[in-house]
Amino acid sequence: MAPRTVLTVLFDGLQSLDVTGPLEVFAGAALLSPGAYRIRTASLDGAPVRTTSGLTLVPDEPLTDAGDPDILLVPGGPGSLRPDPGLVDWVRERGPRAARLVSVCTGAAVLAGAGLLDGRRATTHWAYCDRLAREYPAVEIDPDPVYVRDGHISTSAGVTAGIDLALALVEEDLGRDAALTIARHLVVFLRRPGNQAQFSAQLAAQTARREPLRDVQRWITDHPDADLSVDALADRARLSPRHFARAFRAETGMTPGRYVDRVRLEHARRLLEDTTDGVEEVARTSGYGTPEAMRRAFVRTLGTPPAEYRRRFRPAATP
């Protein structure tokens with residue numbers, strides 16, 4: 001299989017992590033599966049660009065010399081909110097030729113300015129959703145999801161959402177095991193579903209400072225169907241239940257019970273989205289015990305029962 005070319009557009013005033021985050025995912029995939037991706041960067045005139053952090057990025061080539069990529073990625077940052085007209089013209093012409101057109105954060109403004117989001121659903125960083133909606137009324141801006149995929153165009157929220165989206169693309173190309181390996185290498189969690197409203201137990205909670213508590217966090221994530229009572233988790237951390245509960249909350253910012261609830265909900269959501277397992281099986285493997293217990297958790301937190309959640313959010317099968 002020929003390598004998939006990933007071309008990232010560079011411009012002054014971009015946010016460096018919007019570039020390096022997704023590219024680290026694709027670079028990891030290229031190491032794991034040699035030849036899977038060919039990574040390129042290009043600026044309008046081929047000159048180096050200055051990021052918002054002061055970092056200078058040197059592109060591989062000018063955009064005029066870039067071929068039609070498989071994945072065209074437009075990062076965000078202040079520069080994307082006032083882009084060079086030549087950049088917008090280039091994206092307008094070449095974006096439709098890419099098999100996948102991707103924006104990170106406010107990079108969606110460049111796509112919108114090029115008219116490529118008209119009539120489509122899209123997202124961007126939560127702080128800029130209202131502005132984008134006002135400036136581009138033909139675009140259906142959804143402020144909630146981590147990322148949105150509409151046809152061959154994908155838009156994502158802030159920095160880490162670009163990583164989530166890149167992992168989703170790699171998973172689509174190379175499989176879940178490959179994406180999981182890359183996520184673990186980058187010390188991120190695979191993966192927040194695109195429709196997830198920036199909801200993640202692992203991101204909402206801090207990582208504990210002490211290794212025994214970090215081990216417990218990993219254990220909870222990997223074994224949502226295990227006995228995750230405070231007594232059982234305290235025993236795993238070799239602490240008294242009272243000491244464990246106090247230390248866990250102090251170091252993660254939430255109680256053990258709340259953390260377990262969130263992990264189980266995320267696990268169930270992923271299974272409903274990514275598998276054809278029945279609701280009863282999903283409830284069992286997610287640690288709920290019964291479908292009714294899972295239904296109550298979904299309605300309480302998401303406002304919808306599991307079956308309806310699956311109907312709304314499970315992506316259509318890829319031919």
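The first residue in the sequence is number 1, and the count goes up from there.
Note that the CZ atom of R246 and the OG atom of S240 stand 7.0 Å from one another [nearest 0.5 Å]. In this structure, CG in L10 is found 11.0 Å from OG in S16, a value given to the nearest 0.5 Å. Between the CG atom of D261 and the OG1 atom of T301 there is a distance of 7.5 Å, given to the nearest 0.5 Å. Within the model, atoms NE2 of H152 and CD1 of I71 stand 12.0 Å from one another, a figure rounded to the nearest 0.5 Å. Rounded to the nearest 0.5 Å, atoms OG1 (T155) and CG (D150) are 8.0 Å apart. Rounding to the nearest 0.5 Å gives a distance of 6.0 Å between CG of L57 and OG1 of T51.
Judged by distance alone, the side chain of H185 and the main-chain N or O of T181 form no donor-acceptor pair under 3.5 Å. A donor-acceptor contact shorter than 3.5 Å is absent between the side chain of T56 and the backbone of R50. Listed for the Y147 side chain is no donor-acceptor partner under 3.5 Å among the backbone atoms of A166. Between the E280 side chain and the P291 main chain, no donor and acceptor come within less than 3.5 Å of each other. Checking side-chain atoms of S33 against main-chain N and O of A29 turns up no donor-acceptor pair under 3.5 Å. Between the side chain of S43 and the backbone N or O of P62, no donor-acceptor pair lies under 3.5 Å. Panel note: side chain S156, backbone S103; a donor-acceptor pair is recorded below 3.5 Å. At least one donor-acceptor pair under 3.5 Å links the side chain of T106 to the backbone N or O of G77.
Counting only heavy atoms from C-beta outward, the side chains of L239 and L213 approach each other to under 4.5 Å. Proximity of F248 to V230: side-chain heavy atoms (C-beta onward) are nowhere separated by under 4.5 Å. Side-chain contact check for E251 versus R210: some heavy-atom pair is nearer than 4.5 Å. Side-chain contact between R38 and V6 is absent, with no heavy atoms from C-beta onward closer than 4.5 Å. Looking only at side-chain heavy atoms (C-beta outward), L117 and I153 come within less than 4.5 Å of each other. Side chains of R269 and F298 form a contact here, defined as non-hydrogen atoms less than 4.5 Å apart. At least one side-chain heavy atom of Q217 sits less than 4.5 Å from a side-chain heavy atom of T252. Residues L169 and V102 meet the side-chain proximity criterion, which asks for heavy atoms closer than 4.5 Å.
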field: Stepwise side chain to side chain donor-acceptor pair (under 3.5 Å) test for T255 and R249
entry: CA-CA 5 Å; T255 66; R249 182 167 188 170; 5.9 Å; no
- prompt: Checking side chain to side chain contact (heavy atoms under 4.5 Å, CB included) for the pair L167/I182: CA distance, chi angles, key distance, verdict?
  reply: CA-CA 8 Å; L167 284 168; I182 297 163; 4.1 Å; yes
- prompt: Which is it for T285 and D225 under the side chain to side chain donor-acceptor pair (under 3.5 Å) test, yes or no, and what are the steps along the way?
  reply: CA-CA 5 Å; T285 57; D225 58 341; over 6 Å; no
message: Pair T5, Y37 - check side chain to side chain contact (heavy atoms under 4.5 Å, CB included), show working.
response: CA-CA 6 Å; T5 301; Y37 296 99; over 6 Å; no
message: Quick one, L44 with F11, criterion side chain to side chain contact (heavy atoms under 4.5 Å, CB included). Give me CA distance, side-chain angles, the key distance, then yes/no.
response: CA-CA 7 Å; L44 194 58; F11 48 83; over 6 Å; no
field: Candidate pair T41 and L23, rule side chain to side chain contact (heavy atoms under 4.5 Å, CB included), full reasoning
entry: CA-CA 10 Å; T41 58; L23 289 194; 4.1 Å; yes
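Clustering ILVMFWY residues whenever any of their side-chain heavy atoms sit less than 4.5 angstrom apart, transitively, puts V88 in a cluster other than the one holding L111. L81 and V139 fall into different hydrophobic clusters, where Ile, Leu, Val, Met, Phe, Trp and Tyr side chains are chained together by heavy-atom contacts under 4.5 Å. One hydrophobic cluster, built from ILVMFWY side chains closer than 4.5 Å, holds both L14 and L55.
Between S286 and R264, the side chains place no donor N or O within less than 3.5 Å of an acceptor N or O (distance only, hydrogens not considered). No side-chain N or O of D118 forms a donor-acceptor pair with one of Y136 less than 3.5 Å apart. For the residue pair S229 / D231, no side-chain donor-acceptor distance below 3.5 Å is found, with atom types taken as modelled. If you check the side chains of D142 and T123, you find no donor sitting under 3.5 Å from an acceptor.
Using a cutoff of 4.0 Å between basic side-chain nitrogens and carboxylate oxygens, R4 and D70 are not scored as salt-bridged. Classification of R92 and D89 as a salt-bridged pair holds, one side-chain N sitting under 4.0 Å from a carboxylate O. Of the charged side-chain nitrogens involved, at least one lies within less than 4.0 Å of a carboxylate oxygen, so that R40 and E61 count as a salt-bridged pair. By the 4.0 Å N-to-carboxylate-O rule, R131 lies close enough to E135 to be salt-bridged with it. Under 4.0 Å is where a charged nitrogen must lie from a carboxylate oxygen, and between R218 and E211 at least one such pair does. A salt bridge is defined here as a Lys NZ or Arg NE, NH1 or NH2 lying under 4.0 Å from an Asp or Glu carboxylate O, and E172 with R100 meets this definition. Ion pairing of R310 with D277 is absent here, as no side-chain N (NZ or NE/NH1/NH2) approaches a carboxylate O to less than 4.0 Å. Ion pairing of R270 with E266 is absent here, as no side-chain N (NZ or NE/NH1/NH2) approaches a carboxylate O to less than 4.0 Å.
For V49 against D12, the heavy-atom pair with the smallest separation is CA-OD1, 3.3 Å. Of all heavy-atom pairs spanning M254 and Y259, the tightest one is SD-CA, 3.6 Å. Nearest heavy-atom pair, D18 versus G76, reported as atom, atom and distance to 0.1 Å: OD2-N, 3.0 Å. Counting all heavy atoms, side chain and backbone alike, R94 lies closest to L63 at NH1-O, 4.2 Å. Among all heavy-atom pairs drawn from L7 and G67, the shortest one is CD2-O, 4.4 Å. The minimum heavy-atom distance between P22 and V104, with the atom names listed, is CG-CG2, 4.1 Å.
Ring geometry for Y128 versus H125: interplanar angle over 60°, hence perpendicular rather than tilted (30 to 60°).
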